[in-house]
Amino acid sequence: MHLSSNRSLLLQGLRDGIPICLGYFAVGFTLGIAAKNAGLSAFQAGLASFLCNASAGEYAGFQVIAENAGYITMAIMILVANARYLLMSCALTQKLGPEVGLLPRLLIGFDVTDEIFGVCIAAPGKLKPWYAYGVILCALPGWSLGTALGVLVGNWLPARLVSALSVGLFGMFLAVIIPPARKDKVIAGLVVISMGLSYLCTKLPFFRNISSGTTVIILTVVISVAAALLFPIKDQENTEGGAEV
């Protein structure tokens, strides 16, 4: 029963990860072009995407490589660009049950991205590690392979086509936020507020000079704290079957 439940969760995660994989594959082309301009080979770019599954962080890293900057500069740039994932990881720790050990937490934390976080946090009840494994196993190869192919053939494609492929990632965001927003008016309101404040931050003199990653962190903290204080919800225990590791 234990193995059967884990297998079912893994297959469910693989299924839910297919749209993310396709979106990552498309976006990987644009990263591959940046990697090629920085002098990386297809293997190097693909490996970089496998080990650092983050568009903003990778792009910053490729720019640092292109400018022949040092390792410390690269580490700081990637840390700033990916800082929002620290918040997402903290949120996922609350989604995992107390019986989940250190190794599963490390494996899940290895690939916390916006889309994977959205799918995992939206899962009903407590997050089961094998479901997260399935999502990651499906999504990560798409990102890595897309980046490698972007190095090989990205510059051959028309610029408009590459740009159009990138739009698919925004479609995944909509697929993540629309279902819960339709069920809960509070979530719908918070989504609208988040979008409005994000737009204002691109126009206001002070905030428009801040990086997009930092802006996301600030808005996430402010809006989530305000929502938790104004609209608190009770902790829901997972009553569904299924083993956790």
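Residues: numbered from 1 along the sequence shown. Small disclaimer: the values here were computed from a predicted structure and weren't measured.
- Ile136 and Leu11 fall within the same hydrophobic cluster, where Ile, Leu, Val, Met, Phe, Trp and Tyr residues are linked whenever their side-chain heavy atoms come under 4.5 Å apart, directly or through other members.
- Note on Val225 and Val192: separate hydrophobic clusters, where clusters join Ile, Leu, Val, Met, Phe, Trp and Tyr whose side-chain heavy atoms are under 4.5 Å apart, directly or indirectly.
- In this model, a donor atom of one side chain and an acceptor atom of the other lie less than 3.5 Å apart for Tyr131 and Asp16.
- Here Tyr59 pairs with nothing under the side chain to side chain donor-acceptor pair (under 3.5 Å) rule; sequence neighbours left out.
- With sequence neighbours excluded, the residues forming a side chain to side chain contact (heavy atoms under 4.5 Å, CB included) with Ala181 are Ile187, Ala188, listed by chain and number.
- Linking ILVMFWY side-chain heavy atoms closer than 4.5 Å, directly or via other members, places Leu86 and Ile116 in two distinct hydrophobic clusters.
- Nearest heavy-atom pair across Ser49 and Leu140 is O-CD1, 3.9 Å.
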One pair to check against side chain to side chain contact (heavy atoms under 4.5 Å, CB included): Lys128 and Asn6. What are the steps and the verdict? CA-CA 9 Å; Lys128 301 175 179 63; Asn6 288 343; over 6 Å; no

Side-chain donor/acceptor pairs under 3.5 Å, residues 104-112, sequence neighbours excluded:
from	atom 1	to	atom 2	distance (Å)
Arg105	NE	Val100	O	3.1
Arg105	NH2	Gly97	O	3.1
Asp111	OD1	Asn53	ND2	2.9
Asp111	OD2	Asn53	ND2	3.4

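- For the atom pair OG of Ser198 and CD1 of Ile223, the computed distance is 6.5 Å after rounding to the nearest 0.5 Å.
- The side-chain contact (heavy atoms from CB on, under 4.5 Å) test with Cys138 singles out one residue from Leu22, Ile18, Ile20, Leu10, and that residue is Ile18.
- Not counting sequence neighbours, Leu79 has no partner by the side chain to side chain contact (heavy atoms under 4.5 Å, CB included) test.
- By the criterion of side-chain heavy atoms lying less than 4.5 angstrom apart, applied directly or through intervening Ile, Leu, Val, Met, Phe, Trp or Tyr residues, Tyr71 is not grouped with Ile76; the two fall into different hydrophobic clusters.
- Residues Tyr199 and Leu219 do not share a hydrophobic cluster, defined by chaining ILVMFWY side chains whose heavy atoms lie under 4.5 Å apart.
- For the residue pair Ile121 and Gly118, the shortest heavy atom distance occurs at CG2-O, 3.4 Å.
- In terms of heavy-atom proximity, Cys52 sits nearest to Asn82 at SG-ND2, 4.0 Å.
- For Lys36 (side chain) and Leu31 (main-chain N/O), no donor-acceptor pair under 3.5 Å exists by modelled atom type.
- Looking at Ser144, its side chain does come within 3.5 Å of a backbone N or O of Gly46 through a donor-acceptor pair.
- Across all non-hydrogen atoms, the minimal contact from Glu58 to Trp143 is OE2-NE1, 2.6 Å.
- Rounding to the nearest 0.5 Å places CH2 of Trp130 at 8.5 Å from CG of Leu137.
- Lys126 approaches Gln94 most closely through the heavy-atom pair NZ-O, 3.3 Å.
- The structure places CG of Asp184 at 8.5 Å from CG of Leu190, a figure rounded to the nearest 0.5 Å.
- Rounded to the nearest 0.5 angstrom, Thr147 OG1 and Leu152 CG are separated by 11.0 Å.
- Under the side chain to side chain contact (heavy atoms under 4.5 Å, CB included) criterion, Ala35 pairs with Leu40, Ala45, Phe62, Val151, not counting sequence neighbours.
- Between Gly134 and Leu14, the closest heavy-atom pair is O-CD2, 3.2 Å.
- Distance check, rounded to the nearest 0.5 Å: NZ of Lys95 to CE of Met88 gives 15.5 Å.
- The side chain to side chain contact (heavy atoms under 4.5 Å, CB included) test applied to Leu51 returns Leu47, not counting sequence neighbours.
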